[in-house]
Amino acid sequence: GVAVLEIGGASDVEQEYLKERTQEAVRVVRLALQEGIVPGGGAAYLACIPAVERLCLSADETPAIAILCRALEAPARAIISNAGIEAAPILARLRQRGAGWGYDVLRHEIVEMAAAQIVDPAKVAETALRIGVSGALMALTTDVLVHKPRHNRDEDVDFEV
């Protein structure tokens with residue numbers, strides 16, 4: 001299909017901002033059309049946790065399960081925390097509900113994400129996982145991490161990992 005988008009703003013800066021946001025939205029829609037969608041808001045990652053917990057690993061690899069599960073819940077935890085809500089009880093309720101359920105921060109309720117039209121392109125979710133695993137493997141294989149503190153860090157926005 002074809003669509004014509006008319007983007008306007010009160011200033012050149014606002015027009016440029018809206019143009020960039022529109023171009024980003026078009027790219028995201030194209031990705032979704034190419035490879036499909038998954039439940040958004042971190043729900044797709046939460047759905048992976050039960051499978052990870054069922055893994056049988058050696059004794060020295062077992063701590064990796066807890067680390068990976070914590071990493072998989074981090075996106076949903078961040079979204080909920082950034083909405084000013086305590087994440088732990090919400091995450092516990094989401095895990096009871098099962099795959100596809102997440103927290104809608106606008107309505108402040110637990111919803112089935114796909115039914116609420118809160119979705120992410122599958123390619124974006126897959127790429128985020130690949131980048132995360134790549135970084136973790138790099139840290140494990142080099143036995144060293146270099147941390148450069150950010151000077152513009154906003155502690156109110158960041159969350160504990």
Side-chain angles (χ1 to χ4, degrees), residues 20-21 24-161:
E20 289 174 9
R21 294 288 308 233
E24 180 182 340
V26 169
R27 283 192 298 271
V28 167
V29 169
R30 284 185 179 144
L31 279 174
L33 289 172
Q34 288 173 359
E35 306 219 6
I37 57 174
V38 295
Y45 301 129
L46 290 175
C48 297
I49 293 174
V52 170
E53 291 175 333
R54 288 192 299 269
L55 291 174
C56 296
L57 301 177
S58 65
D60 58 335
E61 295 174 331
T62 301
I65 292 175
I67 293 168
L68 181 56
C69 289
R70 181 82 171 158
L72 288 170
E73 85 176 11
R77 178 180 298 279
I79 291 168
I80 295 166
S81 295
N82 288 341
I85 300 165
E86 175 62 36
I90 301 291
L91 289 170
R93 289 175 42 205
L94 290 177
R95 290 194 63 186
Q96 288 175 348
R97 290 285 179 110
W101 290 84
Y103 189 74
D104 184 343
V105 296
L106 296 178
R107 295 190 299 189
H108 294 289
E109 62 184 8
I110 292 176
V111 297
E112 190 173 9
M113 298 303 265
Q117 298 180 0
I118 302 172
V119 295
D120 290 328
K123 184 68 174 176
V124 172
E126 177 189 350
T127 301
L129 281 175
R130 285 185 188 276
I131 291 170
V133 168
S134 174
L137 287 173
M138 181 69 71
L140 289 172
T141 57
T142 59
D143 289 329
V144 126
L145 288 177
V146 176
H147 174 70
K148 290 184 175 181
R150 293 189 323 210
H151 298 291
N152 62 347
R153 187 177 198 102
D154 186 351
E155 297 297 333
D156 293 336
V157 175
D158 290 341
F159 61 93
E160 292 181 26
V161 179

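- Nearest heavy-atom pair, Y45 versus A128, reported as atom, atom and distance to 0.1 Å: OH-CB, 3.4 Å.
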Applying side chain to side chain contact (heavy atoms under 4.5 Å, CB included) to V111 and M113, what does each step give before you reach the verdict? CA-CA 6 Å; V111 297; M113 298 303 265; 3.8 Å; yes
Are V133 and R130 close enough, and set up right, to give a side chain to side chain contact (heavy atoms under 4.5 Å, CB included), and what steps lead you there? CA-CA 5 Å; V133 168; R130 285 185 188 276; 6.0 Å; no
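- Of the inter-residue distances, the one linking L31 atom CG with I37 atom CD1 reads 12.5 Å to the nearest 0.5 angstrom.
- Exactly one residue among V105, I79, I85 makes a side chain to side chain contact (heavy atoms under 4.5 Å, CB included) with I90. That residue is I85.
- Scanning all heavy atoms of the two residues, the minimum distance from A47 to A99 falls at CB-CB, 3.7 Å.
- Nearest heavy atom pair, residue I118 against residue G41, reads CG2-N, 4.2 Å.
- Here E53 contributes atom CD and L68 contributes atom CG; the two are 10.0 Å apart, rounded to the nearest 0.5 Å.
- Nearest heavy-atom pair, V28 versus P121, reported as atom, atom and distance to 0.1 Å: CG1-CG, 3.4 Å.
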Side chain to side chain contact (heavy atoms under 4.5 Å, CB included) between L46 and I49, intermediate numbers included: CA-CA 5 Å; L46 290 175; I49 293 174; 3.9 Å; yes
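- Here CD of E112 is found 12.0 Å from CD of Q117. Values are rounded to the nearest 0.5 Å.
- In this structure, R97 CZ and L94 CG are separated by 8.5 Å, a value rounded to the nearest 0.5 Å.
- Residue L91 holds its CG atom at 8.0 Å from OG of S81, rounded to the nearest 0.5 Å.
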Go through L72 and L129 one step at a time and tell me if the side chain to side chain contact (heavy atoms under 4.5 Å, CB included) criterion holds. CA-CA 9 Å; L72 288 170; L129 281 175; 3.9 Å; yes
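- Considering CD of E109 and OH of Y103, their distance stands at 8.5 Å, rounded to 0.5 Å.
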